[in-house]
Amino acid sequence: MCSIKVILSFAVITMASAGHLGGYTGYNGYSGFGSGSGAGFGYSGGAHIPILRYDNVNNGDGTYRYSYETGNGISAHESGAPRAPGPEGPAVTAEGGFSYRAPDGQQVSLTYTADENGFHPTGSHIPTPPPIPEAILRSLQYNRQNPSYDGSYNSGAYNGYHY
């Protein structure tokens, strides 16, 4: 009997709390209750950004291409086709890119390919490793030219122990 009272009390508190959320608008004007405008999701905040260009072609045979450009300088494009063999048939390989202006004013552009070997982005904003020091390059070259006969690092004896 006590558990029924707890459940009923919880139900009454939940209904009373829900009644106070009628005008709730959360992050960026989003209202989870559908009271705003736009795509039926209740989003009503932010500036209206026009779509200047939009192309989307799906040929039905696995090949496709799309591109778009917005009024605030964002653009993207991609094309793909089944080319590489995959475990479930031909895997789609894709090539594309996108571009936008960062908050600091820098134009960011990235191009990529995606295939059976993964995602391969290129862009001037992507960090690159520092160059390999000359001494390390010489050491690698020496190791290629003088491999140890058994592949080990130290094939000789050290303090009487053999490794």
Side-chain angles (χ1 to χ4, degrees), residues 21 24-34 36-163:
L21 296 175
Y24 173 75
T25 52
Y27 179 71
N28 270 344
Y30 174 77
S31 168
F33 301 104
S37 63
F41 294 111
Y43 181 79
S44 62
H48 174 74
I49 307 297
I51 304 297
L52 303 177
R53 183 177 49 82
Y54 176 76
D55 297 310
N56 188 5
V57 177
N58 184 332
N59 296 317
D61 60 357
T63 61
Y64 69 92
R65 73 177 188 278
Y66 73 82
S67 63
Y68 64 85
E69 182 178 354
T70 66
N72 62 352
I74 298 171
S75 64
H77 62 93
E78 182 176 295
S79 62
R83 294 189 186 118
E88 300 173 9
V92 172
T93 60
E95 298 175 350
F98 59 86
S99 175
Y100 64 93
R101 186 154 313 276
D104 65 0
Q106 175 188 4
Q107 185 69 27
V108 176
S109 296
L110 184 129
T111 58
Y112 60 86
T113 58
D115 57 22
E116 68 276 12
N117 297 314
F119 181 74
H120 311 283
T122 58
S124 61
H125 66 289
I126 297 176
T128 57
I132 299 173
E134 187 61 36
I136 300 297
L137 290 173
R138 284 193 309 270
S139 175
L140 292 170
Q141 182 64 29
Y142 176 83
N143 289 342
R144 273 190 227 101
Q145 293 172 349
N146 302 291
S148 64
Y149 68 92
D150 65 356
S152 66
Y153 171 71
N154 184 356
S155 61
Y158 180 73
N159 288 340
Y161 296 101
H162 294 279
Y163 294 98

Between atom [atom1] of [X] and atom [atom2] of [Y], what is the distance when rounded to the nearest 0.5 Å?
{"X": "R101", "Y": "I74", "atom1": "CZ", "atom2": "CD1", "result": "11.5 Å"}
{"X": "S79", "Y": "R65", "atom1": "OG", "atom2": "CZ", "result": "9.0 Å"}
{"X": "E69", "Y": "D55", "atom1": "CD", "atom2": "CG", "result": "10.5 Å"}
{"X": "Y68", "Y": "L52", "atom1": "OH", "atom2": "CG", "result": "12.5 Å"}
{"X": "Y66", "Y": "H77", "atom1": "OH", "atom2": "NE2", "result": "9.0 Å"}

Indicate the atoms forming the closest heavy-atom contact of [X] with [Y], along with that distance.
{"X": "L110", "Y": "P121", "answer": "CD1-CB, 3.9 Å"}
{"X": "V92", "Y": "G62", "answer": "CG2-O, 4.4 Å"}
{"X": "G97", "Y": "Y112", "answer": "N-CE2, 3.3 Å"}
{"X": "Q107", "Y": "S99", "answer": "NE2-OG, 2.5 Å"}

### F98 vs E78 side-chain heavy atoms within contact, under 4.5 Å
no

### Query
Would you say the side chain of T63 lies within less than 4.5 Å of the side chain of P82, judging by non-hydrogen atoms?
yes

### Message
Distance alone, cut at 3.5 Å: any donor-acceptor contact between the side chains of R138 and Q141?
### Response
no

### Query
Going by atom types alone, do N72 and T70 pair a side-chain donor with an acceptor below 3.5 Å?
yes

### Task
Using a cut-off of 6.0 Å, state whether more than 12 heavy atoms not belonging to I126 lie near its atom CD1.
yes

#### Entry: Crowding at CZ, F119 (>12 non-hydrogen neighbours, <6.0 Å)
yes

